[in-house]
Amino acid sequence: MASTETGTTDTASGTAVTGAAGARPDGAADLAGLEAGLDALDTTVTDRRPWLRRLGAKAAPPAVAIVLVLGLWQLAYHFELKDHYLLPSPVDVARSLQDKWLEGTLLDYVWTSVSRGALGFLASVVIGTPLGLIVARVKPVRAAIGPILSGLQSLPSVAWVPAAIIWFGLSDATIYAVVLLGAVPSIANGLVSGVDQISPLYLRAGRTIGARGLTGVRHVLLPAALPGYLAGLKQGWAFSWRSLMAAELIVNAADLGTGLGQLLEQGRELQDMSWVLSAILLILIVGIGIELLIFAPIERRVLRSRGLLVKS
């Protein structure tokens with residue numbers, strides 16, 4: 001009887017040992033799979049498709065969207081949802097753009113607005129960056145100015161145009177003043193948001209290695225706040241471009257040159273909807289082009305450098 005019990009115990013022990021021993025390979029396999037998965041996360045995925053196919057894959061979705069919009073536009077024209085003089089066809093708008101191109105004035109209109117927008121945006125960056133740093137790091141200044149910056153950011157830019165005309169008259173200074181008042185609060189608030197998201201550990205580490213004052217701002221604060229700062233810059237450009245169009249619509253003088261906003265206003269005065277829609281289309285194309293050619297590559301590079309975007 002005892003022998004039977006011992007045998008039973010040994011058998012159970014053997015089973016238990018065998019089960020435990022059998023579980024070890026499964027655990028090792030799970031661990032190996034986990035390590036392989038972690039290694040895969042660090043591995044750069046290389047897309048070996050031909051560059052033409054990659055380009056087509058990226059261009060296909062926006063191309064389909066454009067074709068869809070043009071198709072709906074053409075249907076609205078065909079079924080006369082509005083009279084043809086109020087809603088011209090895409091072909092009429094394209095013909096209007098062609099006329100401006102053949103006159104040799106189209107690029108002048110675009111360059112006038114882009115140069116104004118770029119200069120106003122750069123001035124906004126020069127002003128908004130130190131302002132954002134001061135607001136983010138000096139608590140009394142933040143308590144006093146922070147709400148004002150948020151209020152200015154929500155204020156429509158066109159509201160500044162009458163005041164700017166009174167202050168500066170019909171001049172370039174009026175246009176740049178409206179651009180600055182529209183873009184500076186966005187850039188400053190973006191930098192404040194970026195600084196608020198910095199881990200205190202980074203700031204303490206910077207102070208430990210002696211990065212204080214302007215050195216700390218350059219090598220610790222701004223690099224750590226770069227994602228939020230970049231978001232503020234993108235929003236600042238959007239506000240500066242919108243502010244510029246609002247100013248050009250109203251501030252119209254012969255010696256100021258003709259930008260896209262003035263072109264849009266001329267089309268309104270002539271009641272030429274093809275002209276108006278072509279100007280709107282140019283404004284949209286410039287805004288999208290600046291985003292895709294300048295800000296999108298910078299954003300991808302910043303995210304990739306921080307491991308937030310895998311290169312494919």
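None of these values were measured; they are calculated from a predicted model. For this chain, numbers begin at 1 and follow the sequence in order.
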Exam field: side chain E248 to backbone M245, donor-acceptor pair closer than 3.5 Å:
no
For the pair T112 and T258, evaluate side chain to side chain contact (heavy atoms under 4.5 Å, CB included) and give the outcome as yes or no after the intermediate values.
CA-CA 7 Å; T112 298; T258 303; over 6 Å; no
Quick check: do V126 and L122 have side-chain heavy atoms less than 4.5 Å from each other?
no
Does a side chain donor of either Q74 or S89 reach within less than 3.5 Å of an acceptor in the other side chain?
no
Of all heavy-atom pairs between L244 and R116, which one has the smallest distance, and what is that distance?
CD1-CB, 3.9 Å
Flag the pair W241 / I283 as yes when at least one side-chain heavy-atom distance between them is below 4.5 Å, and no otherwise.
yes
Tell me whether L284 shares a hydrophobic cluster with V93, the cluster being built from Ile, Leu, Val, Met, Phe, Trp, Tyr side chains joined at under 4.5 Å.
no
Cluster check L107, L282: I/L/V/M/F/W/Y, side chain < 4.5 angstrom:
yes
Check for me, please, whether L191 and V302 land in the same ILVMFWY cluster - side-chain distances under 4.5 Å, paths through other members count.
yes
Do side-chain atoms of S243 reach the backbone of S157 as a donor and acceptor pair under 3.5 angstrom?
no
Has the side chain of S193 got a donor or acceptor atom that lies under 3.5 Å from a matching backbone atom of G190?
no
Which heavy-atom pair separates F239 from A183 by the least distance, and what is that distance?
CB-CA, 4.2 Å
For a side chain to side chain contact (heavy atoms under 4.5 Å, CB included) check, start with the C-alpha distance between V158 and I250, then their side-chain angles and the critical distance, and finish with the verdict.
CA-CA 9 Å; V158 70; I250 300 175; 3.8 Å; yes
Take I127 and I187, measure what side chain to side chain contact (heavy atoms under 4.5 Å, CB included) needs, and give me the verdict at the end.
CA-CA 9 Å; I127 298 173; I187 295 173; over 6 Å; no
In terms of side-chain heavy atoms, does S274 have a donor or acceptor partner in S96 at a distance below 3.5 Å?
no
For side chain to side chain contact (heavy atoms under 4.5 Å, CB included), just list the numbers for F121 and V179, CA-CA rounded to whole Å, side-chain angles, deciding distance to a tenth of an Å, and then say yes or no.
CA-CA 7 Å; F121 174 71; V179 171; 5.9 Å; no
Looking only at non-hydrogen atoms, find the nearest pair between S124 and L180 and report the distance.
OG-CD2, 3.3 Å
Of I148, V184, N189, which is the lone residue that meets side-chain contact (heavy atoms from CB on, under 4.5 Å) with Q153?
N189
Parallel, tilted or perpendicular: rings of W167 and W160 (30°, 60°):
tilted
Which heavy atom of V125 sits nearest a heavy atom of P130, and at what distance?
O-CD, 4.2 Å
With distance as the sole test, does D272 use its side chain to make a donor-acceptor pair with the main-chain N or O of W275 at under 3.5 Å?
yes
Closest heavy-atom pair, A164 versus A177, reported as atoms and distance to 0.1 Å, is CB-CB, 4.5 Å
Find out if a path of hydrophobic residues (ILVMFWY) with successive side-chain heavy-atom gaps under 4.5 Å connects I294 to L233.
yes
Between the side chain of S113 and the main-chain N/O of V110, is any donor-acceptor distance below 3.5 Å?
no
Salt-bridge present (K100, D108; N to O < 4.0 Å):
no
Using distance alone, with no hydrogens and no angle criterion, decide if T129 and Y229 have a side-chain donor and acceptor under 3.5 Å apart.
yes
Enter the distance from R301:CZ to L226:CG here, rounded to the nearest 0.5 Å.
10.5 Å
Please determine whether residues F168 and I165 belong to a single hydrophobic cluster, defined as Ile, Leu, Val, Met, Phe, Trp and Tyr linked transitively by side-chain heavy-atom distances below 4.5 Å.
yes
Heavy atoms only: give me the nearest A76-L87 pair and the separation to one decimal.
CB-CD2, 3.9 Å
